A.B. asks: 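There's a structure below that I have some questions on.
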Amino acid sequence: QVQLVESGGGLVEAGGSLRLSCAASGSRFSINTMAWYRQAPGKERELVALLRSIGSTDYADSVKGRFTISRDNVENRVYLQMNSLKHEDTAVYYCYVNQLGLPYWGQGTQVTVSS
């Protein structure tokens with residue numbers, strides 16, 4: 001009943017920028033906690049950025065100052081603006097929402113940063 005559709009991934013050079021977006025059906029982002037996770041091959045899935053309904057945010061230490069999570073309540077989307085990308089940011093990025101105590105995940109979008 002909750003479906004997350006992601007877009008914006010791709011291949012960029014180190015130092016470049018990407019903006020990921022996630023659109024939801026069956027969930028209103030403005031009243032739920034939202035987050036972006038990422039997972040590189042052979043590594044554990046990692047929390048990248050979190051946005052609570054009250055507006056507070058948390059970021060992984062590795063992306064602070066470079067990534068920004070935000071939402072558009074009118075279009076019901078959540079974004080991850082990624083600047084100054086590094087090769088170490090290469091991973092599959094997943095949109096996440098927690099609703100009624102249950103987790104919902106997007107399909108993932110590949111971000112590849114060349115050296």
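What you see below is based on every heavy atom in this structure, not just the backbone, and it leaves out hydrogens, waters and symmetry mates. Remember, predicted model here, so these are calculated numbers, not experimental data.
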A.B. asks: So how far is it from Leu47 CG to Asp58 CG, rounded to the nearest 0.5 Å?
C.D. replies: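 These two atoms lie 7.5 Å from each other.
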A.B. asks: Between Ser17 and Ser84, what is the shortest heavy-atom contact and its length?
C.D. replies: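 Distance-wise, the nearest heavy atoms are OG-N, 4.2 Å.
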A.B. asks: Is there side-chain contact between Met34 and Tyr79, with at least one heavy-atom pair below 4.5 Å?
C.D. replies: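 With C-beta onward as the side chain, the pair stays apart.
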A.B. asks: Minimum heavy-atom separation for Ala91 to Gln110, with atom names?
C.D. replies: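 So the two residues come closest at O-NE2, 3.4 Å.
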A.B. asks: For side chain to side chain contact (heavy atoms under 4.5 Å, CB included), just list the numbers for Tyr59 and Leu50, CA-CA rounded to whole Å, side-chain angles, deciding distance to a tenth of an Å, and then say yes or no.
C.D. replies: CA-CA 7 Å; Tyr59 295 95; Leu50 183 144; over 6 Å; no
A.B. asks: As an exercise, state the distance from OG of Ser114 to CD of Glu13, rounded to the nearest 0.5 Å.
C.D. replies: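 So the OG of Ser114 and the CD of Glu13 are separated by 5.0 Å.
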A.B. asks: To the nearest 0.5 Å, what is the distance between OG (Ser53) and CZ (Arg71)?
C.D. replies: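 Nearest 0.5 Å value for the OG-CZ distance: 6.5 Å.
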A.B. asks: Can you tell which of Asn32, Val97, Asn98 makes a side-chain contact (heavy atoms from CB on, under 4.5 Å) with Tyr104?
C.D. replies: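 Among Asn32, Val97, Asn98, the one meeting side-chain contact (heavy atoms from CB on, under 4.5 Å) with Tyr104 is Val97.
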A.B. asks: Between Leu18 and Val111, is any pair of side-chain heavy atoms under 4.5 Å apart?
C.D. replies: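 Yes, close enough: below the 4.5 Å cut-off.
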A.B. asks: How long is the gap from CD on Gln3 to OG on Ser25, to the nearest 0.5 Å?
C.D. replies: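 That separation rounds to 5.0 Å.
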A.B. asks: Any sub-3.5 Å donor-acceptor pair from Asp89's side-chain atoms to Lys86's backbone N or O?
C.D. replies: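 Side chain of Asp89 to backbone of Lys86: a pair is present.
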A.B. asks: Taking the side chain as every heavy atom from C-beta outward, state whether Val78 and Leu4 have any atom pair closer than 4.5 Å.
C.D. replies: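 Of all side-chain heavy-atom pairs linking Leu4 with Val78, none is under 4.5 Å.
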A.B. asks: Verify, without hydrogens or angle tests, whether Thr90 (side chain) and Val113 (backbone) share a donor-acceptor contact under 3.5 angstrom.
C.D. replies: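 Here the side-chain-to-backbone pair exists.
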A.B. asks: Report yes if the distance between the aromatic ring centroids of Trp36 and Tyr93 is under 6.0 Å, otherwise no.
C.D. replies: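 No - the distance between ring centres of Trp36 and Tyr93 does not fall below the 6.0 Å cut-off.
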A.B. asks: Is the distance from the ring center of Tyr94 to that of Tyr37 below 6.0 Å?
C.D. replies: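 So the answer is no for these two rings.
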A.B. asks: How long is the gap from OG1 on Thr57 to CZ on Arg52, to the nearest 0.5 Å?
C.D. replies: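 If I round to the nearest 0.5 Å, the distance is 8.0 Å.
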A.B. asks: Hey, does the side chain of Gln81 reach the backbone of Phe67 with a donor-acceptor pair shorter than 3.5 angstrom?
C.D. replies: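 Side chain of Gln81 to backbone of Phe67, a donor-acceptor pair under 3.5 Å: no, none is there.
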A.B. asks: Looking at every non-hydrogen atom in both residues, tell me the closest pair between Glu46 and Ser62 and how far apart they are.
C.D. replies: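 Nearest heavy atoms, Glu46 then Ser62: OE2-OG, 3.9 Å.
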A.B. asks: Within the side chain of Arg38, is there an N or O that forms a donor-acceptor pair under 3.5 Å with the backbone of Val92?
C.D. replies: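 Side chain of Arg38 to backbone of Val92: no pair is present.
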A.B. asks: Please report the closest heavy-atom contact between Ser21 and Arg77, naming both atoms and the distance.
C.D. replies: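 For Ser21 and Arg77, the tightest heavy-atom pair comes out as OG-NH1, 3.5 Å.
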A.B. asks: For the atom pair CG (Leu80) and CG (Leu51), what is the distance rounded to the nearest 0.5 Å?
C.D. replies: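 If I round to the nearest 0.5 Å, the distance is 11.0 Å.
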A.B. asks: Assess the residue pair Met82 and Arg19 against the criterion (side chain to side chain contact (heavy atoms under 4.5 Å, CB included)); give the C-alpha distance rounded to whole Å, side-chain angles, the decisive distance to 0.1 Å, and a yes or no.
C.D. replies: CA-CA 6 Å; Met82 305 185 295; Arg19 189 190 192 192; over 6 Å; no
A.B. asks: Step through the shown structure and confirm whether more than 12 heavy atoms of other residues, nucleotides or ligands are within 6.0 Å of CD on Gln39.
C.D. replies: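 Yes, because the 6.0 Å sphere around CD of Gln39 holds more than 12 heavy atoms from other groups.
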A.B. asks: Would Ile69 end up clustered with Tyr96 when hydrophobic side chains under 4.5 Å apart are linked, directly or stepwise?
C.D. replies: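 No, Ile69 and Tyr96 fall in different hydrophobic clusters.
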